[in-house]
Amino acid sequence: AQSVTQPDIHITVSEGASLELRCNYSYGATPYLFWYVQSPGQGLQLLLKYFSGDTLVQGIKGFEAEFKRSQSSFNLRKPSVHWSDAAEYFCAVGAEASGTYKYIFGTGTRLKVLA
Amino acid sequence: EAGVAQSPRYKIIEKRQSVAFWCNPISGHATLYWYQQILGQGPKLLIQFQNNGVVDDSQLPKDRFSAERLKGVDSTLKIQPAKLEDSAVYLCASSPRTGATQYFGPGTRLTVL
């Protein structure tokens, strides 16, 4: 069965510093990969997605992610964090199973940004 | 383009009471999802509809939860009777078709006392 692991529950960075959030997945083939952001009291907003092709994906708000097949990873990066990036980030996997696509979310990484 | 709408945004009930949530997906989206997000966890899929048919309800506690999507547009999720462990945010999402990007609504925060 597919699974998604986000090993860091909390991450704290200073404003202006670089950021990398880790995501590892388990699935036999290459799944669809997503990163979502959730601000308090809000739904999930899509940051970026990988379906196929170029393994470096650009998203909104200056975020990017790189798919590494050999490591089963899809880490999210941002070169310079802004205070408004403080939120919870979820990695998700979409994979075909029983004729449909099943989506599984990681447990999330809560980002705190220090001024 | 209007996003996914959900109501109510907040609901507080006592255990053993019933509650219903409503979702209006993005116009034209064939696939609709209901997720349960318990505090500190990622969203967990409860049920997936393709038009008005159920595609996946393997994680829906069918003894107390039910959902319908009449006419393939709006959907309601019902809990009867509620338990304390049902306290969570219930998220609705829609996508143009299965396998496509999901777009989420703001969620309904349910507190069961």
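Other residues, nucleotides and ligands place more than 12 heavy atoms under 6.0 Å from the CG atom of B:Leu84. Within 6.0 Å of CH2 on B:Trp22 lie more than 12 heavy atoms contributed by other residues, nucleotides or ligands.
Heavy-atom neighbours of chain B within the stretch residues 104-115 of chain A, taken at a separation under 4.5 angstrom, comprise A:Phe105, A:Gly106, A:Thr107. For residues 46-72 of chain A, the interface with chain B (any heavy-atom pair closer than 4.5 Å) comprises A:Leu46, A:Lys49, A:Phe51, sorted by residue number.
Linking ILVMFWY residues whenever their side-chain heavy atoms come closer than 4.5 Å, directly or via other members, places A:Val37 and A:Phe74 in the same cluster. Residues B:Val4 and B:Ile47 fall into different hydrophobic clusters, defined by Ile, Leu, Val, Met, Phe, Trp and Tyr side chains chained together at heavy-atom separations under 4.5 Å. Connection of B:Tyr35 to B:Phe21 is not established within any shared hydrophobic cluster, with ILVMFWY side chains joined at heavy-atom distances below 4.5 Å, either directly or through further cluster members. The hydrophobic cluster containing A:Leu33 does not contain B:Leu45, counting ILVMFWY residues as joined when their side-chain heavy atoms lie under 4.5 angstrom apart, directly or transitively. A:Tyr25 and A:Leu76 fall within a single hydrophobic cluster, where Ile, Leu, Val, Met, Phe, Trp and Tyr are joined by side-chain heavy atoms under 4.5 Å apart, directly or via other members.
Legend: salt bridge (charged side-chain N to carboxylate O under 4.0 Å, His left out) pairs involving residues 65-89 of chain B, not counting sequence neighbours, sorted by first then second residue: B:Arg64-B:Asp86. For the salt bridge (charged side-chain N to carboxylate O under 4.0 Å, His left out) condition, the pairs that include at least one residue of residues 8-21 of chain A, sequence neighbours left out, are A:Asp8-A:Arg22.
Separating the OG1 atom in B:Thr98 from the NZ atom in A:Lys102 is a distance of 10.0 Å, to the nearest 0.5 Å.
Ranked by heavy-atom pairs under 4.5 Å with chain B, the first of A:Tyr32, A:Phe90, A:Phe34 is A:Phe90.
A donor-acceptor distance shorter than 3.5 angstrom exists from the side chain of A:Tyr103 to the backbone of B:Gly99, with no hydrogens or angles considered.
A:Gln38 touches chain B through its side chain: at least one heavy atom from C-beta onward sits under 4.5 Å away, while N, CA, C and O do not. The contact between B:Ser58 and chain A is made entirely by side chain atoms (from C-beta outward), counting heavy-atom distances below 4.5 Å. With a 4.5 angstrom heavy-atom cutoff, B:Ala93 does not touch chain A via any of its atoms. B:Gln50 does not touch chain A: none of its heavy atoms, backbone or side chain, sits under 4.5 Å away.
Nearest heavy-atom pair across B:Pro43 and A:Leu44 is CG-CD2, 4.1 Å. Summarising the geometry of A:Tyr36 relative to B:Gln102, their closest heavy-atom pair is OH-O, 3.1 Å, with the distance given to 0.1 Å.
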